Amino acid sequence: MPKSRIRKKADYTPPPTKQATNIKLNSRGWVAPVMLAMFLIGLAWIVVFYVTDGSLPIDSLGNWNIVVGFGFIAAGFGVSTQWK
């Protein structure tokens, strides 16, 4: 029986090294400060309302002050969608 030919394996060549690519984050600079400010204003509005038993920030709004506070927090979430 004839012998089969022995195939020569190629020498091991390591894969080429990957070059690190710079990732540019084109985030708008105003987004993070405005977002955090909205969160903090909303939180402070609600806390002041509860601490002063409803007499502050705006007495005539009554319990709607809670809605205003959550409105600021919701606006903060809305601004956060602009962050890239």
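Keep in mind the model is a prediction, meaning the values are calculated, not measured.
- Considering every non-hydrogen atom in both Ser80 and Phe77, the closest pair reads OG-O, 2.5 Å.
- Taking each heavy atom of Met35 and Val79 in turn, the nearest pair found is N-CG1, 4.1 Å.
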Show me the donor-acceptor pairs, under 3.5 Å and distance only, between side chains in residues 38-57 and residues at least two apart or in other chains.
{"residue": "Trp45", "atom": "NE1", "partner": "Asn65", "partner atom": "O", "Å": "3.3"}
{"residue": "Trp45", "atom": "NE1", "partner": "Asn65", "partner atom": "OD1", "Å": "3.2"}
{"residue": "Thr52", "atom": "OG1", "partner": "Val48", "partner atom": "O", "Å": "2.7"}
{"residue": "Thr52", "atom": "OG1", "partner": "Leu56", "partner atom": "N", "Å": "3.2"}
{"residue": "Ser55", "atom": "OG", "partner": "Thr52", "partner atom": "O", "Å": "3.0"}

